[in-house]
Novice: 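The structure follows.
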Amino acid sequence: MAEKPDRKEHQFMVAAVEAAKDDTLDGVAVTLVDARGGRVRLHMATDIAEMLRERVSAALNKTTGP
């Protein structure tokens, strides 16, 4: 019997990334856009944004090499 999907997880296939224009934000904000036009705006403190950058960089290195 197949497992039921976890209702706390959502698949969001990113088709575009836009810089969020928010001068009052203390940190980093980006908007992710999926293929159907759905949008998710991420607000991150600079330390979390740096962690995300490092993890994306590591994932890219695994797929493309050093």
Novice: Can you hop from V14 to V40 via hydrophobic side chains spaced under 4.5 Å?
Specialist: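 Yes; V40 is reachable from V14 via cluster members.
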Novice: Are M13 and L60 connected, step by step, through hydrophobic side chains (Ile, Leu, Val, Met, Phe, Trp, Tyr) whose heavy atoms are closer than 4.5 Å?
Specialist: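 Not linked; separate clusters.
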Novice: Quick one: side chain to side chain donor-acceptor pair (under 3.5 Å) pairs with a partner in residues 27-40, sequence neighbours left out?
Specialist: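 Of all non-adjacent pairs touching residues 27-40, those that pass side chain to side chain donor-acceptor pair (under 3.5 Å) are E18-R39.
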Novice: Can you see which heavy atom on A35 is nearest to which on A15, and at what distance?
Specialist: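 Looking at all heavy atoms of both residues, the closest pair is N-CB, 3.8 Å.
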Novice: Checking A49 now: which residues fulfil side-chain contact (heavy atoms from CB on, under 4.5 Å) with it, not counting sequence neighbours?
Specialist: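 Per chain and number, A49 pairs via side-chain contact (heavy atoms from CB on, under 4.5 Å) with V28, M44.
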Novice: How long is the gap from CD1 on I48 to CE on M51, to the nearest 0.5 Å?
Specialist: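 The CD1 atom of I48 sits 4.5 Å away from the CE atom of M51.
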Novice: Using the rule that two of Ile, Leu, Val, Met, Phe, Trp, Tyr join whenever any of their side-chain heavy atoms come within less than 4.5 Å, decide whether F12 and V56 are in one cluster.
Specialist: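 They do share one cluster, since a chain of ILVMFWY contacts under 4.5 Å joins F12 to V56.
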